[in-house]
Every structure is written in structure tokens, then in C-alpha cells.
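Below is one structure, written out as C-alpha cells; comments come after it.
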Amino acid sequence: MRIERISEILEEGKRAFSEAADEASRSETEVRLLGRKSELSEILRGLKDLSPEEKREFGPVVQGARRALEEAAAAAKERLLVEGRDWESERIDVSLPGADDPLGHLHPVTTMIREIEDIFTRLGFEIAEGPELETEFYNFDALNVPADHPARDMQDTFFVESDGFDTRYLLRTHTSPVQVRYMETHTPPFRIIVPGRVFRNESTDASHEHTFHQFESLVVGETGDVTVGHFKHLGETFFSEFFGRHVEVRLRPSYFPFVEPGFEFDISCVLCGGAGCPACKRTGWLEVGGAGMVQQKVFEAAGYPRGKYQGFAWGFGLERLVMMKRRIPDIRLLMSGDLRFIRQF
Ligand code: FA5
């Protein structure tokens, strides 16, 4: 009798588990057939009251039925889990294009600095740099800029509050202070370029920014070794390479306290080739920077003996070259942070 009842419970249980349509009814079946109050648990509890022979006969059958029902319950759980998934929403379309991972690129000013560094490195130059937060000494005194020179005026220079310091700090107004910093730790002969950011407290327009870049060049050797002819030739070589066409250089007398003689450095207009156009105001020439033979006072400020060395220096505005090369009409676009502009390069 008992044996038959057990196989009935087993058969009914297996069917109930395989027919369970959702987890709630499966779980209800599990409690009903395998829970503490189930008939099977009752029978299991009664085993202890049987004779040893009966235990031997019934024990394995009851235990086997319980295991089989537990397995059926687990199998039903697995089946319902699989059936319950929304396969459609999980479908992956492997033919869809991948997620767009936007890549940035270098700013045209950075690209241009690297290009300039490349050209000069090939010509045997080293690249030097100096601090943007500079002292009044390196920015002006060491460069022989007189104490009453208008460039020191609050209009042109961003002075930094230096109360409590012996030194007066400012944002460098040009890359020339790096000349002296470099010479303090190096002995000629050498040739360097110094690309860097500079700052001027002036009102802005299409060709003037308060923050822009210059690149300085300094070539120094024994007296007689480095001449104006060398730097005119170097300028022609560099600008021709930079613009990818033959460029001529013109020097006009000018004054900078740290050079003697000093020049304005013009190149033949790269747009019209010197014939005259609106970009060069019909002169055929474009002014690109200041230059000259290094003043002996600057050598002295760097600790060199007077008269032993001779060299030239120049300082070019980088943005104006970028504008000419990329045909950008307004310098303020470059640092505007406007991505519509930047993405064009
Ligand atoms: C100087 O800054 C000198 N240190 C250059 C120099 C170096 C002369 C070595 C002799 C020997 P200047 O102030 O002229 O010179 O500036 C040089 C160049 O920087 C200019 O020709 C121009 O191209 C650029 N520049 C000057 N001011 C601005 C500005 N506000 N915005 C953009 N570019 C500027």
C-alpha cells in the first residue's frame, strides 16, 4: 500500500512540475509536495517507527522519490527561467555600426609648433623652454630694457601681485627671457629655438590677442662666427620650408634694447608671392617678427665675458604664421574654444 502511494506521489509530482506554467505555481507545488507538512515528509518522519526489515524495504524507495521530486522541481525552475526571458529584446544585431567614440585632434597652434620644431631639429637646433610666470629681471632687466621703458607699463604687462617677495613676478610678455636663462647654464656655440606662450595686457582685435605664442631663436658662437648674413639665410630656409614655396626675407632697421643692430623681419607675401595683395596691404611684404644681433649687455647679464661671443636672436609671432598658412582671418578664433572652428583643422 505504502509503496504504491509513494509512486503515485512521485508520478503526480513530476507531472505537476512539468505542467507548472509560472514560477508561482511551481513554487506552490514544491511546498505542497516537498514542504515540512507534505505527505512525503510525513512518511519520511514515520520511517523511524518501522521494523528494521520494513526500514530496509521502504527507506530507499522514499528517499529515492524525494530526490527525484527535488530534481523535477529544479528542472522546472530552470525551464521557467529560460521560457520567461524576453529573447526578442535581447537580440543583438551584429550588422549595426559600432558606437561612435569621438576622437579629438591637435589644435592648429600645437600642430604648427610641432612642425616648426621638426624643421629646426633637422637644421641641428635644440628646443629650450622657460617659465610663463617670469621675474621682472629675466623679462626686462637682463634684456637691457630700461626701467622707464613703456613696455613695463601696466598697459602691456600683466604683473602678478608679489607682495612679500623680494622679486617682482609677471606673465612673460615675450620668449626672449629664455635667452638669458639658457645662456646662464650653457656655453657657446649653440643654436636653440624656444616656442612658448606669452601674455600682453592689450586690447584685442583681428590680429592682436592677450595670450599668444612666440618662438624665439638664439644662435651664438665665437665673435666673427655668427653674422646677420647667417640669420637672413636661416630665415629664408625656414620660411621657405614652412610655407612650402620660395620665401624671401627683408630686414628693416628697428630698435629692441636687447639687440644691436635690431631689425623688423619681413617675408615676401606668401599669398601673392610679392606682387601685392590685400593680405600684405599691396606692399608684397609681411612683417613676422623682431630680430637682431645680441647686445653684449645681454651676454654680460648671462655671465659671459664682454666681446667673446657673437650671436643673433629673433622672436616671431606664431599665430600670425598659422593665420597666413591656414588663411584664418581673425586671431581670436584660435583661442575661442569654438569647436565648430577647431573641427575644420
Ligand atoms: C618681441 O616680442 C621681441 N621679443 C622680439 C625679438 C626677439 C626681437 C629677439 C629681437 C630679438 P614684438 O613685440 O614686436 O617683439 O613681438 C614679436 C612678434 O610677436 C610680432 O611681430 C607679432 O608677430 C607677435 N605679436 C606681438 N604682439 C602680439 C599680439 N598682441 N597678438 C599676436 N601676436 C603678437
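These values consider heavy atoms only, across backbone and side chains, with no hydrogens, waters or symmetry-generated copies. It should be emphasised that the depicted structure is a prediction, and the values quoted were computed from it without experimental measurement. We count ligands from 1, going down the list as the structure has it; atoms in each ligand are counted the same way.
A distance-only check finds no donor-acceptor pair linking the side chain of Tyr182 to the backbone of Leu218 [under 3.5 Å]. Listed for the Asn139 side chain is a donor-acceptor partner under 3.5 Å among the backbone atoms of Thr173. Not a single donor-acceptor pair under 3.5 Å links the side chain of Arg200 to the backbone N or O of His210.
Salt bridge Arg250/Glu264: absent, no basic N to carboxylate O contact under 4.0 Å.
For the pair Arg326 and Phe345, the NZ or CZ position fails the cation-pi test of under 6.0 Å to the six-membered ring centre and within 45 degrees of the ring normal.
Ordered by chain and residue number, the residues placing a heavy atom less than 4.0 Å from ligand 1 are His174, Ser176, Gln179, Arg200, Glu202, Ser207, His208, Glu209, Phe212, Gln214, Glu216, Phe256, Phe258, Val259, Val288, Gly289, Gly290, Ala291, Ala313, Trp314, Gly315, Gly317, Arg320, Ile331.
Contact check for Phe190 versus Val220: side-chain heavy atoms found under the 4.5 Å cut-off.
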